[in-house]
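Notes to accompany the following structure.
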Amino acid sequence: MVWLLVAVVAIVVLVVSSIVVMYNSLVRARHNYQNAYAQIDVQLTRRHDLIPNLVEVAKAYMRHEQNTLAAVVNARTAAIQAKQHAAPADPKAMAALAGAENALTGSIGQFFLVSENYPELKASDNMRQLAEELTSAENRVAFARQAYNDAVMVYRNKQDTFPSNLISNMFSFGPAAYLELDDPVRRAAPQISLGGDE
């Protein structure tokens, strides 16, 4: 009879231990993707902060391109607003953020395309420095987005696989959305060429 009691206690301890391990694993995965999203937020803020400087430098040279400059400023504003409302657990907000960032990337690309018509602007040291910083920011955003999406994948795998999916459902672990760009061509940082030698 004692061995039966010991066996039951051992099974209960094993089940409880398994639940605790799976729960803690889900919590760690959730913290990882939340931290990865915080890194994206930092990099997007850095990117957004560079744009007003870029526009200011270009204004002096691109007087006839006010629509292009306004498009960049408006896209930046929309991206900042989308970032403020974005949350990894809200797929619609994450899609809105991706769309706003796509639009911003497109308007920046258009800006640099138009800037090719202004040799004085291309030769400006301030413009060169800002272009380099923006390229660096784009690369950092891409790396942060990849790390975030990897962390979301790990979390979602834990949510969807048995038996941790039972724990996930029992303790209401919420969804986590990927941050994906709609157009794969836009995944690359915009090509910025301000050098005079082509």
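- Summarising the geometry of Ala86 relative to Leu97, their closest heavy-atom pair is CB-CD2, 3.8 Å, with the distance given to 0.1 Å.
- In plain terms, the two heavy atoms of Ala82 and Ala100 that are nearest each other are CB-CB, 3.7 Å.
- Proximity of Val27 to His31: side-chain heavy atoms (C-beta onward) are separated by under 4.5 Å at one or more points.
- Taken to the nearest 0.5 Å, the CG atom of Asn149 stands 12.0 Å off from the OH atom of Tyr37.
- To the nearest 0.5 Å, the span separating OG1 on Thr45 from CD1 on Ile80 amounts to 8.0 Å.
- Side-chain atoms of Val6 and Val2, non-hydrogen and from C-beta on, do get closer than 4.5 Å to each other.
- A single hydrophobic cluster is seen to contain both Val73 and Val114, as judged by linkage of ILVMFWY side chains at heavy-atom distances under 4.5 Å, directly or through other members.
- Counting only distance, with no hydrogens or angles, the side chain of Ser168 and the backbone of Asn165 share no donor-acceptor pair below 3.5 Å.
- Counting heavy atoms from C-beta on, the side chains of Gln110 and Leu113 come closer than 4.5 Å.
- In this structure, the side chain of Gln66 does not engage the main chain of Lys59 through any donor-acceptor pair within 3.5 Å.
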List the steps, then state whether side chain to side chain contact (heavy atoms under 4.5 Å, CB included) holds for Leu130 with Val57. CA-CA 9 Å; Leu130 287 168; Val57 167; 3.6 Å; yes
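- Taken from CG in Leu121 to CZ in Arg128, the straight-line distance is 10.5 Å, to the nearest 0.5 Å.
- Atom NE2 of His85 sits in a sparse spot, with 12 or fewer heavy atoms from other residues, nucleotides or ligands closer than 6.0 Å.
- Here the side chains of Phe112 and Leu134 are in contact, with some heavy-atom distance below 4.5 Å.
- Within a 6.0 Å radius of CG in Asp160, more than 12 heavy atoms belonging to other residues, nucleotides or ligands are found.
- With contacts defined as side-chain heavy-atom distances shorter than 4.5 Å, the pair His48/Glu101 qualifies.
- With values rounded to the nearest 0.5 angstrom, Lys158 atom NZ is found 14.5 Å from Tyr23 atom OH.
- Remark: the backbone N or O of Val13 is paired with a side-chain donor or acceptor of Ser17 at under 3.5 angstrom.
- For the 3.5 Å distance criterion, the side chains of Asp125 and Gln129 fail to qualify, holding no donor opposite an acceptor.
- Considering only heavy atoms from C-beta on, Glu133 stays 4.5 Å or farther from Asn53 through its side chain.
- Note that CG of Asp41 and NZ of Lys83 are 4.0 Å apart. Values are rounded to the nearest 0.5 Å.
- Although no hydrogens or angles enter the test, the distance criterion places no donor-acceptor pair under 3.5 Å between the side chain of Ser136 and the main chain of Glu132.
- Separation of atoms CZ (Phe111) and CD (Glu65) is listed at 10.0 Å; rounding is to 0.5 Å.
- Both Tyr61 and Ile108 sit in one connected hydrophobic cluster of ILVMFWY residues. Membership requires side-chain heavy atoms under 4.5 Å apart, directly or through other members.
- By the 4.5 Å heavy-atom criterion applied to side chains, Leu69 and Glu56 are not counted as neighbours.
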Please assess Tyr178 against Arg156 for the test side chain to side chain contact (heavy atoms under 4.5 Å, CB included), listing each intermediate value before the final yes or no. CA-CA 10 Å; Tyr178 292 110; Arg156 289 174 75 170; 2.9 Å; yes
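- Between Ser164 and Leu26 the shortest heavy-atom distance is O-CD1, 3.7 Å.
- Using a 4.5 Å cut-off on side-chain heavy atoms (C-beta onward), Leu54 and Met127 make contact.
- Here the closest heavy-atom approach between residue Ala137 and residue Leu50 is recorded as CB-CD1, 4.0 Å.
- Ser107 and Ala75 get closest at one heavy-atom pair: OG-CB, 3.4 Å.
- Ring-plane geometry between Tyr155 and Phe173 is classed as tilted, the angle between the planes lying from 30 to 60 degrees on a 0 to 90 degree scale.
- Hydrophobic clustering places Val15 together with Met22 (ILVMFWY residues linked when any side-chain heavy atoms are closer than 4.5 Å, directly or through intermediates).
- The heavy-atom pair separating Ile51 from Leu104 by the smallest distance is CD1-CD1, 3.6 Å.
- No single ILVMFWY cluster, assembled from side-chain heavy atoms under 4.5 Å apart, contains both Leu166 and Val16.
- Under the 3.5 Å distance criterion, with hydrogens and angles disregarded, a donor-acceptor pair is assigned to the side chains of Arg47 and Thr105.
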